[in-house]
Visitor: 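One structure coming up, written as C-alpha cells, with questions to follow.
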Amino acid sequence: MSTVAPASAAAQTNSLVAKLWNYCNVLRDNGLSTIEYVEQLSYLLFLKMADELTTDPFAREAADPIVPSDLGWQSLASKRGEELEAHYRKVLTKLGKHPNTTLGTVFAKAQNRITEPALLEKLVVELIGKTDWVLEGTDLKGDAYEGLLAKGAEDTKTGAGQYFTPRSLIDAMVKVMRPRPDDTITDPACGTAGFLIAAHSYLREHHLKALSREQRLALGQGSIWGNELVPGTARLAAMNMLLHGIGEAGGDSLITTGDALADAPSRRASLVLANPPFGKKSAITVVGTDGKTDREDITYDRSDFRATTTNKQLNFLQHIMSLLEMDGRAAVVVPDNVLYEGGPGEKIRRRLLQEFDLHTILRLPTGIFYAGGVKANVLFFDKKPPRADDVPNTSEVWVYDFRTGMHFTLKQHPLRLADLAEFIEAYQPDDRSARKETEDGRFKRFTYKELIDREKINLDITWLKDPALDDAESMLAPEIIAQEIVEDLQAALAEFEAIAEALGGEVKPDLTAEEVIAEA
C-alpha cells in the first residue's frame with residue numbers, strides 16, 4: 001500500500017501525470033503518437049525499476065539482477081547523445097529475447113521511436129532518472145501511468161481506444177462481482193489490464209488484512225493473469241500491472257500474448273472480467289462440435305465450441321464459457337449483435353440460458369467507448385453443474401436499461417461511477433434474491449419461459465421510451481444529438497462492413513466520428 005495520504009496522493013498523481021504529459025507533448029513534435037510515447041516510457045520505466053530493485057538491499061531480487069548490467073539502466077544513464085541512442089537500440093533488441101517472462105513481454109519486438117538523441121537524453125536523465133519508481137509506493141506511480149494510458153486512448157487516429165474500457169464501468173462491474181481472496185481472476189482480452197488491476201485493487205481494499213501470506217504472494221504470482229492479442233498492448237498491460245504492484249519484474253509474465261481463441265483454455269478461472277474486442281467478423285475457419293466449418297485463413301479447431309461462427313464476439317463468449325471453472329462467475333461486455341444474431345447466435349444463447357445462470361444484463365448507453373458506433377451490454381452469468389431432468393440453470397434474467405434516456409459523451413459528459421450507483425444498488429450483490437423492480441422501471445425481471453419463447457431467443461429487450469421524444473423541454477443539446485447520430489452511423493457501418501467482409505468485398509478502414517460526419 002502507498003504511504004502517501006489520500007489527498008496528497010491524488011495531488012501527486014495529478015502532478016506526475018502532468019509532468020509525463022508535458023514530455024509527451026515534446027515528443028509529439030518529434031512525430032510520436034501518445035501510445036508510442038507510453039511504449040517508450042514503459043521500456044525506460046522497466047529498466048529504472050529493475051535497477052532500483054537490484055540495488056535495494058531489502059528487495060527479494062537483489063541477489064539476482066533482473067537485467068544484465070551491460071544492458072541495464074546504469075548503462076544508459078552513463079551515456080549521452082548519439083552514443084546513448086545507439087546503445088538504447090541495442091538494449092531493446094537484446095531484451096526482447098526472453099519468452100514467457102515479464103522482461104520478454106515488456107520488450108517484445110521493441111523499437112526505438114525517439115529519433116532525436118537530445119530528446120532521449122532528456123527522458124532518461126530528467127524524467128525517469130530523477131524519480132524513484134519502486135520506493136515511493138505503487139498507488140501513485142500506477143495511477144499516474146494509467147492516467148497516461150487514458151489520455152492515449154483519446155488518440156483516435158491510432159485506434160488505441162479500442163483497448164481501453166472506461167474505468168467507471170470497470171469499477172462498477174468489479175463492485176457487483178466482488179472478487180474474493182480465493183478467486184483466480186483472468187481477462188482473455190485484457191487490453192491494458194484495467195479489469196485485472198481493478199480486481200486487485202478491490203482485494204487490497206476489502207481483504208488485505210485477512211489475506212494469508214500465501215494469498216498475498218499469489219496475487220502477484222499467478223492468481224491474477226490475462227491475455228492480449230497485440231504485443232504492443234500486452235507490453236502496456238504488463239507495465240501497468242507492475243506499477244500497481246502485481247507481478248515481478250524478474251518473474252514469469254502474468255500477461256500472455258497471442259490469440260485467445262486459438263486453443264481451448266489450459267487453465268480455468270473462478271472469475272472472468274472482460275471486454276472482448278468489437279469490430280468486424282474475423283477471417284477464420286472455425287470447426288465446432290456440429291461438424292460445420294466457416295471461412296477462412298486462420299483455423300480454430302475448438303471442440304469445446306458448440307456453435308460454428310466467424311463472429312468473434314460470439315466466439316469470445318463461447319471461449320469464456322469454457323474458461324470458467326464450475327461455479328465460476330463472469331461479467332462480459334458484448335455488442336448488441338450477440339443478443340439478437342440468429343443461427344449460431346441463437347444456439348449460443350440457448351446454451352447460455354440452459355447450462356449457465358444468466359442472471360443479469362446491463363444495457364449500456366452509447367457515447368462511453370472510444371471505439372465509435374458501439375452499442376453494448378454487460379452479461380453477468382455463473383457456470384453451474386447440470387440439473388436433473390434437463391431443468392435450465394437460468395430461472396430468471398434481470399435486465400437493467402441504462403441506455404434509454406441516458407446520454408453521455410467522452411468529453412462534455414463522460415460516464416462516472418456515480419452514474420452507475422443505482423444499478424449497483426439494484427443488483428444486490430449481497431443477496432440477489434432480494435432484488436426488486438425499480439420505481440423508474442429501469443430494472444425488470446424476465447422469466448426463462450418468457451425469454452426462450454422470444455423469436456430467436458432475442459435478448460435485446462427494450463420497454464422504456466426516451467422522455468426527450470415527447471417533452472420539448474427535455475430536448476438534448478445539439479452536440480449530443482449530433483454525437484448520437486454519429487454513433488448510429490458508425491454502428492450501421494460496422495454491420496455493413498461485416499457483411500461485405502463475409503461476402504469477400506473490400507472493406508474501408510474504420511472511420512473517426514469526424515470522418516463519418518464529413519461523409520454524411
Side-chain angles (χ1 to χ4, degrees), residues 105 138 142-143 145-147 149-150 152-153 160-181 183-207 219-220 222-230 233-247 253-257 260 265 267-278 313 316-317 319-320 323-324 328-335 360 362 364 368-371 374 376-382 415 417 420 423-424 427 429:
T105 300
T138 60
D143 289 349
Y145 187 81
E146 198 164 18
L149 287 173
Q162 66 181 301
Y163 305 113
F164 196 84
T165 306
R167 186 57 192 255
S168 52
L169 177 59
I170 289 175
D171 287 343
M173 291 167 64
V174 169
K175 278 182 177 292
V176 298
M177 297 305 287
R178 299 199 168 178
R180 302 187 295 256
D183 271 325
T184 49
I185 305 169
T186 193
D187 180 349
C190 68
T192 55
F195 280 111
L196 303 178
I197 289 165
H200 180 264
S201 177
Y202 183 94
L203 287 168
R204 286 200 310 159
E205 181 181 351
H206 296 276
H207 298 288
L219 290 180
S223 67
I224 299 176
W225 77 98
N227 180 82
E228 170 53 41
L229 174 64
V230 181
T233 308
R235 172 183 3 269
L236 302 179
M239 200 67 228
N240 202 10
M241 290 179 71
L242 273 178
L243 286 167
H244 282 88
I246 313 170
S253 179
L254 300 181
I255 304 295
T256 56
T257 306
R267 178 187 180 191
R268 286 172 171 75
S270 63
L271 177 58
V272 176
L273 300 161
N275 178 11
F278 294 178
Q313 295 95 30
F316 258 108
L317 182 55
H319 178 71
I320 290 167
L323 192 56
L324 279 179
R329 56 210 197 279
V332 185
V333 181
V334 298
T360 314
L362 170 62
L364 295 172
I368 66 172
F369 294 100
Y370 288 98
V374 172
N377 316 265
V378 186
L379 304 184
F380 298 87
F381 56 92
D382 302 337
L415 177 69
L417 180 60
L420 288 157
F423 163 71
I424 295 170
Y427 187 101

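Count residues from 1 along the sequence.
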Visitor: Do the side chains of Leu364 and Asn377 get nearer than 4.5 Å, heavy atoms only?
Guide: no
Visitor: Which heavy atom of Val332 sits nearest to which heavy atom of Pro276, and what is that distance?
Guide: CG1-CD, 3.8 Å
Visitor: Can you measure from CZ (Phe423) to OG1 (Thr360) and round to the nearest 0.5 angstrom?
Guide: 6.5 Å
Visitor: Identify the two heavy atoms, one from Ser253 and one from Thr105, that lie closest to each other, and give their separation to 0.1 Å.
Guide: OG-OG1, 2.7 Å
Visitor: Just to verify, what does Ser270 make a side-chain hydrogen bond (donor to acceptor under 3.5 Å, both in side chains) with, not counting sequence neighbours?
Guide: Asp183
Visitor: If the plane angle is over 60° it's perpendicular, under 30° parallel, otherwise tilted; pick one for Tyr427 and Phe380.
Guide: perpendicular
Visitor: Taking the side chain as C-beta and beyond, is there a heavy-atom pair between Phe195 and Leu271 under 4.5 Å?
Guide: no
Visitor: Nearest 0.5 angstrom please: Leu149 CG to Asn240 CG, how far?
Guide: 5.0 Å
Visitor: Within this structure, what is the OG-CD1 distance for the pair Ser201 and Ile170, rounded to the nearest 0.5 Å?
Guide: 11.5 Å
Visitor: Work out which heavy atom in Ala274 is nearest to a heavy atom in Met173; give both atom names and the distance.
Guide: O-CE, 4.4 Å
Visitor: Testing the basics here: between Ile368 and Pro166, what is the closest heavy-atom pair and its distance to 0.1 Å?
Guide: O-CG, 2.9 Å
Visitor: Tell me, please, which residues at least two apart from His319 pass side-chain hydrogen bond (donor to acceptor under 3.5 Å, both in side chains).
Guide: Arg302
Visitor: Under the rule for salt bridge (Lys or Arg N to Asp or Glu O under 4.0 Å), what residues qualify as partners of Arg178, not counting sequence neighbours?
Guide: Asp430
Visitor: Can you tell me if Thr186 uses its side chain to pair, donor with acceptor, with the backbone of Val272 under 3.5 Å?
Guide: no
Visitor: Check whether any side-chain heavy atom of Tyr145 lies under 4.5 Å from a side-chain heavy atom of Leu236, and answer yes or no.
Guide: yes
Visitor: Report the distance from atom CZ of Arg268 to atom OG1 of Thr184, rounding to the nearest 0.5 Å.
Guide: 11.5 Å
Visitor: May I ask you to decide if Leu415's main-chain N or O and Ser168's side chain share a donor-acceptor pair within less than 3.5 Å?
Guide: yes
Visitor: Quick check for you: to the nearest 0.5 Å, what is the distance between Ile185 atom CD1 and Ile224 atom CD1?
Guide: 4.5 Å
Visitor: Applying the side-chain contact (heavy atoms from CB on, under 4.5 Å) criterion to Leu196, which one of Leu273, Ile246, Asp187, Leu254 satisfies it?
Guide: Asp187
Visitor: Over all heavy atoms of both residues, which pair between Ala260 and Pro188 is shortest? Give the atoms and the distance, please.
Guide: CB-O, 3.5 Å
Visitor: Can you name the nearest heavy-atom pair linking Gln313 to Pro335, along with the distance?
Guide: CG-CG, 3.5 Å
Visitor: For Phe316, check ring pair (Phe, Tyr, Trp, His ring centres under 6.0 Å) against everything at least two apart and list the hits.
Guide: none
Visitor: For Leu229, give me all partners under side chain to side chain contact (heavy atoms under 4.5 Å, CB included), at least two apart in sequence or on another chain.
Guide: Asp259
Visitor: Say you draw a straight line from CE of Met241 to CH2 of Trp225; how long is it, rounded to the nearest 0.5 Å?
Guide: 11.0 Å
Visitor: According to side chain to side chain contact (heavy atoms under 4.5 Å, CB included), who are the partners of Ala172, at least two apart in sequence or on a separate chain?
Guide: Leu417, Leu420, Ile424
